[in-house]
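Some notes on the structure that comes next.
The chains referred to below are lettered A, B, ... by the order of the sequence lines, with proteins before strands, and numbering in each begins at 1.
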Number of protein chains: 2
Amino acid sequence: MKTAPTSADHGEPRWLTDEEQRVWRAYIDATTLLEDHLDRQLQRDAGMPHVYYGLLVMLAEAPDRRLRMTELAMSAKITRSRLSHAVARLEKSGWVRREDCPSDKRGQFAVLTDEGRDVLRRHAPGHVDAVRQAVFDRLTPEQQKSLGEIMRIVAEGLQPSEAGADLPWLR
Amino acid sequence: MKTAPTSADHGEPRWLTDEEQRVWRAYIDATTLLEDHLDRQLQRDAGMPHVYYGLLVMLAEAPDRRLRMTELAMSAKITRSRLSHAVARLEKSGWVRREDCPSDKRGQFAVLTDEGRDVLRRHAPGHVDAVRQAVFDRLTPEQQKSLGEIMRIVAEGLQPSEAGADLPWLR
DNA sequence: TGGTGGAAGTTGAGATTTCAAGTAACAGCC
DNA sequence: GGCTGTTACTTGAAATCTCAACTTCCACCA
């Protein structure tokens, strides 16, 4: 009798079917091309990569235009270390400044400066345009909806919070 | 009378609707988390990032396990410069070697070595497993199909070949 | 209190990526 | 043959990212 396969299984792996391979390849191609495209657009126009732009947006949307480093890192789905370096760079550019957290001496706020707000204002239109041209303008409303659902499912499965769901000591 | 908006338009930009923003955010989150997840998995198990693994796969599938640098770069959707550095590293690891092209003295082949083939054999199961767990196992067949269609559309719109389609001098 | 484990954030070194510039070779043309 | 523009690929430096420490501080508990 066959036992149920697990991730540590050493039996014949469940290879992707031809159709699955085509889907996966399309995914890789699209995400690679798109991230590259947006990185170039923003680097050229706004002088920063896409991730950094995303950080500024999150700060702009946050109450008081500030967020704790850890919160910001979690929102952006990047490590605290990466964020630390990124904020250092954004600080050097004058778009973000750090502030101490009054209630927790270990804590730091990343705060969007006025210059940071301005750079966003100036370049948001161009960025939205790039995203529209590359994605939304090419998809039907149904496809947009579908894309949202699918991406939400994938993201949820990988969130650190849910990551414990497949931890060995929980089996 | 209003003129049709173009990308160089300075009128009110077509901001994303709330729903579009949610879709876009889900896309960013999912792709960031997934790429990060696969990078870690492969770095830990196979000692290379996801892109490099992809390069080895393409070589493995190519006739004679070899591809011209430019072909490989185009398949992988990366710049030749990036590929040059990547192949240098893969060469150092012993998984790829370069060979001169007999018909064009400028040309170089990237060739998968036996060691490269072995490293793929050893780690392909773990990688497929990771991809399945993160993506295919979570999606219905309809969603998988939909994902493929959507990603193909986005990728096509960004291919260098089609990129000319929205070049200013073609308007 | 005084420890102790964990949380918040930073740091530095090494790896990877980008960008601009460079070399070498091909291809067409006079 | 000798130009000229293009193609193929590489290179080096600067920017970014990863990974593994490391520091400081909080929270809890005996």
_Under a plain distance cut-off of 3.5 Å, with no hydrogens placed, do S84(A) and R80(A) share a side-chain donor-acceptor pair?_
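On atom types as modelled, these side chains do not qualify, holding no pair under 3.5 Å.
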Among the nucleotides [options], which one has an atom lying closest to any side-chain atom of [X]?
{"X": "V51(A)", "options": "dT10(D), dC26(C), dC17(D)", "value": "dC17(D)"}
{"X": "S81(A)", "options": "dT10(C), dT10(D), dC19(D)", "value": "dC19(D)"}
{"X": "R106(B)", "options": "dT10(C), dC19(C), dA25(C)", "value": "dA25(C)"}
{"X": "R80(B)", "options": "dG9(C), dT18(C), dA8(D)", "value": "dA8(D)"}

Any [X] side-chain nitrogen or oxygen under 4.0 Å from OP1 or OP2 of [N]:
{"X": "R82(A)", "N": "dC19(D)", "value": "no"}
{"X": "R98(A)", "N": "dT10(C)", "value": "yes"}
{"X": "R40(A)", "N": "dC19(C)", "value": "yes"}

*Thinking salt bridges, do R89(B) and E91(B) make one under a 4.0 Å N-O criterion?*
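No, no charged N to carboxylate O under 4.0 Å.
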_Expressed as a whole number of angstroms, how long is the span from H50(B):NE2 to dT16(C):C1'?_
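So the two atoms are 16 Å apart, to the nearest Å.
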_Without decimals, in angstroms, what is the distance between M74(A) CE and dG9(C) C1'?_
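So the CE-C1' distance, M74(A) to dG9(C), works out to 14 Å.
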*Measure across L67(A) and M58(A) and return the closest heavy-atom pair with its distance rounded to 0.1 Å.*
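That closest heavy-atom pairing would be CD2-O, 4.0 Å.
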*Using heavy atoms to find the nearest nucleotide of DNA chain C for D39(A) and L83(A) separately, return the residue whose nucleotide is more 5′.*
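Closest to the 5' end, via its nearest nucleotide, is L83(A).
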*Among L120(B), T113(B), L112(B), side chain to side chain contact (heavy atoms under 4.5 Å, CB included) partner for L59(B)*: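 That would be L112(B); it is the only one of L120(B), T113(B), L112(B) passing the side chain to side chain contact (heavy atoms under 4.5 Å, CB included) with L59(B).
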_Interface with DNA chain D, restricted to residues 61-70 of chain B and to heavy atoms under 4.0 Å_ =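 R68(B), M69(B), T70(B), in order of number.
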Under 3.5 Å, which protein N or O atoms sit close to an N or O of nucleotides 13-15 of chain D? Give each pair with its distance.
none

